[in-house]
Trainee: 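Dumping the structure here so I can ask a few things about it.
The analysis underlying the following values was restricted to heavy atoms, covering all of them including side chains, and did not include hydrogens, waters or symmetry mates. Order of appearance sets the numbers: ligands from 1, and atoms from 1 within every ligand. All values reported here derive from a predicted model rather than from experimental measurement.
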Amino acid sequence: MDLQQTITGFDVWHLALPVVSARDHGIGRVEGVCEILVLRLAAEGGAQGFGEASPWSVFTGTPEASHAALDRYLRPIVLGRRVGDRAAIMTEATRALAHCTEAKAALESALLDLAGHITGQPVWSLLGGKCRDSIPLSCSIANPDFNADIELMHRLREDKVGLIKLKTGFKDHAFDIMRLERIAQDFPEFRVRVDYNQGLEIEQAVQQVLDVARFRPDFIEQPVRAHHFDMMARLRDLTDVPLLADESVFGPEDMVRAAREGICDGVSVKIMKSGGLTRGQTVARIAAANGLTAYGGDMFEAGLAHLAGTHMIAATPEITLGCEFYQASYFLKEDILETPFPVRDGQVVVPDGPGLGARPDVDKLNHYAVRRSP
Ligand SMILES: [Mg+2]
């Protein structure tokens, strides 16, 4: 297949998806609904490709900005181009507008899904080939009602999920320590990670991180603000529990600086931060080249974005710490895919079908849409 087909369709849905519970993170809360955007590309001959943008206003950006990025700024770069010109299109997208990394991730996902459907190849094949068939799933413990999270952990245990990430720094230190003690006592089989989502003030950070390190989590993620590189480096030196950077590292450029300044032992790689799957791979490779580990993080996503992340991790051996694609199974009242996001025995199963391996249900997109363009 030469991928000479012209891209002729560009549809955008802005969705509000109901969620089952509130989630508290250091930098903010999500409750009620989770807002995402879905892009559908169509090519001559009828092939289609889908991509998702999963913004969060306090972290990457707003859904309104993602909508404008796709509908107004990226649409003219894409329509009329050949499916095979993916690298050129993504380079122009990067230059056409600053930030809006979630919209760029949606665009690259849709271009890859489209090319995969035309050629019959899975997206992981288009990204360099597969290094794993499954990815350990981590589920976040982030409910302000800890009793509800205890119920969730019982369900995770039944589902054979072995990794949990405790979200800390949104209430107080005593609440964090109480939950760590309770998990250690009642759920000793879970491997625990801790994520502050920037929730600590500089004055508290040293003592609280040292207290949490006594529980020996796999890693402690982003305790302080994204721009506090010096404090991240200092905290990293204080404990032998690995420190992960998330909000401090969006794309490859941040990763170079993070490695140079020694702020972390590893990085959370997210296609919504890096601005696409190939840039996510680059972040992981820069980390690995500097002796650092990488984790497959995500935003508040639906199954379509989980699929894109799954293919990216499947083709990126440097991402070794599992993934957190739990929202489609444990957070959304209803996911948007036609078939359930594939999780079995606590592992995300890498799809082998063409493109992303599953599609959104267009009836659901129309049902949950707050706006649609054109
Ligand atoms: Mg994080």
Trainee: Quick one: is the NZ or CZ of Arg359 closer than 6.0 Å to the six-membered ring centre of Phe50, and within 45° of its axis?
Mentor: no

Trainee: Contact between Asp195 and Phe219 at the side-chain level, heavy atoms closer than 4.5 Å - yes or no?
Mentor: no

Trainee: Would you please say whether a donor-acceptor pair under 3.5 Å links the side chains of Tyr330 and Asp159?
Mentor: yes

Trainee: Can a donor-acceptor pair be found between the side chains of Thr316 and Gln281 at a distance below 3.5 Å?
Mentor: yes

Trainee: If you look at Glu221, which of its N/O/S atoms is nearest to the Mg ion (ligand 1)?
Mentor: OE2

Trainee: Is the Mg ion (ligand 1) less than 2.8 Å from an N/O/S atom of Asp195, whether that atom is in the backbone or a side chain?
Mentor: yes

Trainee: State the atom name: nearest N, O or S atom of Asp246 to the Mg ion (ligand 1).
Mentor: OD2

